[in-house]
Engineer: 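Got a structure here, written out as structure tokens. Questions coming.
One-based numbering along the sequence shown. Worth knowing before you read on, the calculation uses all heavy atoms, side chains too, and leaves out hydrogens, waters and symmetry mates.
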Amino acid sequence: MAIRAFLLCIILFSSSYTSFALYEDQVGLMDWHQQYIGKVKKAVFQTQKAGRKRVVVSTEENAIAALDLRHGEIFWRQILGVNDVIDEIDIALGKYLVTLSSGGSVLRAWNLPDGQMVWESFLLGSKPSRSLLFTPTNFGADKDNVILAYGNGCLHAVSSIDGDILWKKELAENSIDVQHLVHPEESDTIYALGIGEASQFEAYVINVRNGELLKHSSKGFAGGFSGDLSLPTSDKVVVLDSSKSSLVSISFVGGEIKFQEFQISDLQGYSGEAVLLPSKLAGMVAIKIDRSLLFVKLKDEGTLEVVDTVPHVEAVSDSLSFAEGQTAFALIQQDGAKIQLTIKSSNDWKSHFLKESIEFDQQRGLVHKVFINNYVRTDRTYGFRALIVMEDHSLLLLQQGAVVWNREDALASIIDVTTSELPVQKDGVSVAKVEHNLFEWLKYLIHFTSILCRWKGHLLKLKATLMLATPDDVAAVQRIRLQSAEKSKMTRDHNGFRKLLIVLTRAGKLFALHTGDGRIVWSRLLNAFHKSGTCESPRGIKLHQWQVPHHHALDENPSVLVVGTCGHNSDASGILSFVDAYKGEELNYLAPVHSITQIIPLPFTDSTEQRLHLIIDSEGYGHLYPRTPEAVDIFQKELGNIYWYSVDINNNLLKGHVVKKNCKEEISDDYCFESSDLWSVIIPSDSEKIIATSTRKFSEVVHTQAKVNADQNVLYKYISKNLLFLATVTPKAMGDIGSVIPDDSWLFVYLVDTITGRVLLRMSHHGCQGPVHAVFSENWVVYHYFNLRAHRYEMSVVEIYDQSRADNKDVLKLVLGKHNLSAPVSSYSRPEIMTKSQSYFFTHSVKAVAVTSTAKGITSKQLLIGTIGDQVLALDKRFLDPRRSLNPTQAEKEEGIMPLTDTLPIMPQAFVTHALKVEGLRSIIAIPAKLESTTLVFAHGVDLFFTRLAPSKTYDSLTDDFNYALLLLTIVALVISIFVTWIWSERKDLQEKWR
């Protein structure tokens, strides 16, 4: 019976998903998809063989990718899990990319041409350690297939052909930090070098054939060591002493350890705190003192000599061997928007292979890393190309004094998103003060030409409708639709489809993306987020709309507030930046300011339409912005009605607060306010742990509070923006799925009024555990979790109704006004609520959950579910109606209630991402359009995806592919038919009269 009801449910409601299914020629009309990789950590060039030249990179987003050196396009890409951090990459046998990840626990080989995984090996060890990967090429013909990997305190020799582990050697004893694997030329031994306890230098000599430990040497240094070892040659390492004032040269040939100490102040009189750079330079080391870089050569006898001092060096590459006996490395000096790339010879410092000066966009910040590669020119001389990683996470390829291509990979690490309306248009010209360069003016001229092209497109579509179009005509129609100038105009449209997506990235760079085609309108690396003496590690945390002028305020551009901190501690100084949403100009910034733990946008604006914000610091004080007397006057009038709450997950504590008065006199800040605690809820840590919270979106619009049942009864939704959904689990269920038995696992959910601290609802799910993903909308909340007993994921829904208005069922009372619908509602009055709930199985694990949002709240709701497969699924809220039953009555069917099934159906047409993936999916944002039927959806992770959805179909507009030419032709044909019929009728009447 359940199966039959499930099939009936699919048949009856599959039609609601037809609006998501696209034909092939519709892809790209309403949506766009962009692929990124993230900030590059390591890069390996593959240019030896004939064919397409490429560079293989690993990134901070746990991606490995092969990029085309001509255009920067992605050949192939693989995204590993969040916890599978890539430690090292290298190329083996000229055809495999080898990656070491998860702290040295997983070694994989990928096919270089297409990125398919060839083999995977799991390397077990006794304790965590740093990860090292070594792919030797001079072991001899019988050993060239060996890969050496160190991780978890063990050294493994792995076959590069099939991934078999040949031998394993434990090196983790006495907490030794192994930092280098060294293989002398024409030798069957390998050295494992590191630092042990009490500044002991440790050297292991191991037989490569069988992993036998030939010798273990250890020697202490009285001055101690600081930082990592640098390996300039295959028989010596260099390290700083504990005071960072001396360099220590260590020889380890044959396992015999010898120290030589050199004072840095003796090297041409330089003094100060030194930093040894990790770059691998042939025969020398690089030491940074203040803003200068010392290049120190290591001589054969072990002595040190300063070769040169170069000021303002931002990055140094590793050495590159490109010809017999020749090595080179790159160093980059930067002055504002100009960088100087120098390729120097490691053999002869006075000569250099290349010296170029390149200008680029100053908004990219400082150079962070550089990787170089050589190529042979047509005249048989050697040329060089440099791959540069910038402060804003962008990637640039420099060659022959120019930027060949660049990639904006900061968009792979979006932190927060907000939107901005585009400027209005009058007589074809925007009246807002938007920067218009020559290209923008040409777009307006092209607009008039596009009108002619549009009518040409309608004629071609008419031919296609009449089945008269040739294949070339069909292709032309598709090109015209994809290149439509309407969706990419820089002015707002009457449907509200064209907007700016303002996104904040982890690099502290702000982007404005056009919703029409996803292009970058402007980008800005904020000055407030530059590293400085007062803020060593700035990071962005939140975006808020700051100023949103109405249509009549034509002289003002909208602006956004960017909030950040100078570190990860709760008491770290704050950063505030104010940015023009149209131009991308940083209007002002405040840094450093008080600490920031919570940002509360207030429902008040001043005369310039700047929204008031209350920012809470770590001591509980509230700071009002904008800092103007007008803002204080507005705020003082509502002083006793401003409440806020805090959730301390670490201490299992909920607190409610109210703003009371100005701060005490010793603070002397008119914009600072004290708050007091109203209530607190302490959840015992030995019984429950908080794992998730969710609240309603502040800007959500509810169309109606009443809901009419199938039996004509009226239910009133309990609508409150002060409700908090809270999920907790028992301490044993805090681990991964399957780490606890069902009897020891409980999941609890709460609904808490954040004004009074009153718990309105508490429900329990025995045998269930997290992770919990929840979304709160109107009077209902949906949450996703795992059921250990059923070994399946579940989704539950809870709907809340207001019983205090249950008497308002008499239409006569409503007409006569004898009702309490207009009575004031207070959180302090105890609410009479009724809840309905239901649970369903769901076949997918979930990464994110959101809900569609429309301008007036009339259109049906859909859940937007980010699945484990990095796709976005649109699920009709009617499937999660707690009133569903096995045998719904006829009245319930007419109301739209579906038959009850134990599993939520998933239709292939319901995936709004179609066949695409949003790799590394983190968040889904729904944005209402002006057209009530439509909502805009933006999903971001490593990739970006944008589309338009119509949950109840486009009932209030014509579709984009509507054939206006056919409509016009039909009207003309009808008019002609009427005219011809009238003539025939007149002639017939005349003939009848003559008879």
Engineer: I'd like a table of donor-acceptor pairs (distance under 3.5 Å, sequence neighbours excluded) in which one partner is a side-chain atom from residues 724-740, with atom names and distances.
Structural biologist:
| from | atom 1 | to | atom 2 | distance (Å) |
| --- | --- | --- | --- | --- |
| T728 | OG1 | E688 | OE1 | 2.6 |
| T730 | OG1 | D744 | O | 3.2 |
| T730 | OG1 | W746 | N | 3.3 |
| S739 | OG | D736 | N | 3.4 |
| S739 | OG | D736 | O | 2.6 |

Engineer: Given the rule in the side-chain contact (heavy atoms from CB on, under 4.5 Å) test, do L513 and L944 qualify, once you have shown the distances and angles that lead to the verdict?
Structural biologist: CA-CA 11 Å; L513 306 178; L944 309 181; 3.8 Å; yes

Engineer: Sort and list the pairs that fulfil salt bridge (charged side-chain N to carboxylate O under 4.0 Å, His left out) and have at least one residue in residues 904-918, not counting sequence neighbours.
Structural biologist: none

Engineer: Any donor and acceptor pair, going by atom type alone, linking the side chain of H703 with main-chain N or O of V701 inside 3.5 Å?
Structural biologist: no

Engineer: Looking at every heavy atom in both F842 and L873, which two are closest together, and how far apart are they?
Structural biologist: CZ-CD2, 3.8 Å

Engineer: Does the H514 side chain pair with the main chain of G516, one donor and one acceptor, at a distance under 3.5 Å?
Structural biologist: yes

Engineer: Going by the rule side-chain hydrogen bond (donor to acceptor under 3.5 Å, both in side chains), which residues pair with K877 if we only count those two or more places apart in sequence or in a different chain?
Structural biologist: E799

Engineer: Evaluate the side-chain contact (heavy atoms from CB on, under 4.5 Å) criterion for residues V417 and I502: first the C-alpha distance (whole Å), next the side-chain angles of each, then the deciding distance (0.1 Å), finally the verdict.
Structural biologist: CA-CA 6 Å; V417 182; I502 314 295; over 6 Å; no

Engineer: What pairs with K499 under salt bridge (Lys or Arg N to Asp or Glu O under 4.0 Å), at least two apart in sequence or on another chain?
Structural biologist: E421

Engineer: Are any side-chain N or O atoms of S952 and backbone N or O atoms of S860, one a donor and one an acceptor, separated by less than 3.5 Å?
Structural biologist: yes

Engineer: Does R948 make a cation-pi contact with F497, if we ask for NZ or CZ under 6.0 Å from the ring centre and within 45° of the axis?
Structural biologist: yes

Engineer: Keeping the roles fixed (side chain from T754, backbone from Y645), state whether a donor-acceptor pair exists under 3.5 Å.
Structural biologist: no

Engineer: Is it the case that more than 12 heavy atoms not belonging to K856 sit under 6.0 Å from its NZ atom?
Structural biologist: no

Engineer: In terms of side-chain heavy atoms, does D876 have a donor or acceptor partner in Q862 at a distance below 3.5 Å?
Structural biologist: no

Engineer: Okay, side chain of R407, backbone of G72: is any donor-acceptor separation there less than 3.5 Å?
Structural biologist: yes

Engineer: What orientation do H765 and Y785 show, parallel under 30°, tilted 30 to 60°, or perpendicular over 60°?
Structural biologist: tilted

Engineer: Output all residues satisfying salt bridge (Lys or Arg N to Asp or Glu O under 4.0 Å) with D870, sequence neighbours left out; order by chain, then residue number.
Structural biologist: K847

Engineer: Rounded to the nearest 0.5 Å, how far does OG1 of T419 lie from CZ of F938?
Structural biologist: 11.5 Å

Engineer: Rounded to the nearest 0.5 Å, what separates atom OG1 in T99 from atom CG in L80?
Structural biologist: 6.5 Å

Engineer: Just so I know, are the side chains of L949 and L864 near enough to count as touching, which here means a heavy-atom distance under 4.5 Å?
Structural biologist: yes

Engineer: Report yes or no: is the cationic atom of K721 (NZ for Lys, CZ for Arg) closer than 6.0 Å to the six-membered ring centre of F698, at no more than 45° off its axis?
Structural biologist: yes

Engineer: Taking the side chain as every heavy atom from C-beta outward, state whether F511 and T505 have any atom pair closer than 4.5 Å.
Structural biologist: yes

Engineer: Determine yes or no for a side-chain-to-main-chain donor-acceptor pair under 3.5 angstrom, with R492 supplying the side chain and L422 the backbone.
Structural biologist: yes

Engineer: Hey, are the side chains of F748 and M763 touching, using non-hydrogen atoms and a 4.5 Å cut-off?
Structural biologist: no

Engineer: Taking C-beta and beyond as the side chain, do K717 and D802 meet within less than 4.5 Å on heavy atoms?
Structural biologist: no

Engineer: Counting only heavy atoms not in D114, do more than 12 sit closer than 6.0 Å to its CG atom?
Structural biologist: yes

Engineer: Taking all atoms of both residues into account, what is the closest heavy-atom pair of I415 and G540, and its distance?
Structural biologist: CD1-O, 3.2 Å

Engineer: Given L395 and L67, is the side-chain contact (heavy atoms from CB on, under 4.5 Å) satisfied, shown in steps?
Structural biologist: CA-CA 11 Å; L395 189 65; L67 305 179; 3.6 Å; yes

Engineer: Can you confirm whether I599 sits close enough to H544 that some side-chain heavy atom of one is under 4.5 Å from a side-chain heavy atom of the other?
Structural biologist: yes

Engineer: Can you list the steps and then say if D943 with R922 is a salt bridge (charged side-chain N to carboxylate O under 4.0 Å, His left out)?
Structural biologist: CA-CA 10 Å; D943 295 345; R922 298 189 193 95; over 6 Å; no

Engineer: Can you tell me how far apart CD1 (I868) and CG (L921) are? Round to the nearest 0.5 Å.
Structural biologist: 9.5 Å

Engineer: Verify salt bridge (charged side-chain N to carboxylate O under 4.0 Å, His left out) between R77 and E61, making sure each step is shown before the conclusion.
Structural biologist: CA-CA 12 Å; R77 181 188 60 167; E61 303 301 323; over 6 Å; no

Engineer: Between NE2 of H940 and OG of S413, what distance do you get to the nearest 0.5 Å?
Structural biologist: 10.5 Å

Engineer: For the residue pair H784 and Y793, categorise the inter-ring angle as parallel (less than 30°), tilted (30 to 60°) or perpendicular (more than 60°).
Structural biologist: parallel

Engineer: Report the C-alpha distance between H773 and V782 in whole Å, list the side-chain angles of each, state the deciding distance to 0.1 Å, and finish with yes or no for side-chain contact (heavy atoms from CB on, under 4.5 Å).
Structural biologist: CA-CA 8 Å; H773 297 273; V782 171; over 6 Å; no

Engineer: Taking E892 for its side chain and T889 for its backbone only, find out whether a donor-acceptor pair lies under 3.5 Å.
Structural biologist: yes

Engineer: Out of curiosity, Y783 OH to S694 OG, how far, rounded to the nearest 0.5 Å?
Structural biologist: 12.5 Å

Engineer: With a 4.5 Å heavy-atom cut-off, do R884 and T901 have their side chains touching?
Structural biologist: yes

Engineer: Report the distance from atom CG of D409 to atom CD1 of I37, rounding to the nearest 0.5 Å.
Structural biologist: 4.5 Å

Engineer: Which atom pair, heavy atoms only, marks the closest approach of V772 to A692?
Structural biologist: O-CB, 3.7 Å

Engineer: Is there a donor-acceptor contact under 3.5 Å linking the side chains of Q838 and Y840?
Structural biologist: no

Engineer: With distance as the sole test, does W32 use its side chain to make a donor-acceptor pair with the main-chain N or O of T515 at under 3.5 Å?
Structural biologist: yes

Engineer: Any donor and acceptor pair, going by atom type alone, linking the side chain of Q34 with main-chain N or O of G518 inside 3.5 Å?
Structural biologist: yes

Engineer: Would you say L760 and I800 make side-chain contact, with heavy atoms under 4.5 Å?
Structural biologist: no

Engineer: Answer yes if the side chains of R792 and T843 hold a donor-acceptor pair under 3.5 Å, and no otherwise.
Structural biologist: no

Engineer: Taking atom types as modelled and ignoring hydrogens, do the side chains of R696 and S720 form a donor-acceptor contact shorter than 3.5 angstrom?
Structural biologist: no

Engineer: Does any part of the side chain of E778, heavy atoms only, come nearer than 4.5 Å to the side chain of E700, both counted from C-beta?
Structural biologist: yes

Engineer: Please report the C-alpha distance between D517 and R498 in whole Å, then the side-chain angles of each, then the deciding distance to 0.1 Å, and finally whether the salt bridge (charged side-chain N to carboxylate O under 4.0 Å, His left out) criterion is met.
Structural biologist: CA-CA 10 Å; D517 52 10; R498 294 197 297 265; over 6 Å; no

Engineer: May I ask you to check whether S796 and S839 show a side-chain donor-acceptor distance below 3.5 Å?
Structural biologist: yes

Engineer: Between the main-chain N or O of E932 and the side-chain N or O of T859, is there a donor-acceptor pair closer than 3.5 Å?
Structural biologist: yes

Engineer: Who pairs with R539 by side chain to side chain contact (heavy atoms under 4.5 Å, CB included), at least two apart in sequence or on another chain?
Structural biologist: I541, T565, H568

Engineer: Do S745 and Q769 have side-chain N/O donor and acceptor atoms under 3.5 Å apart?
Structural biologist: no

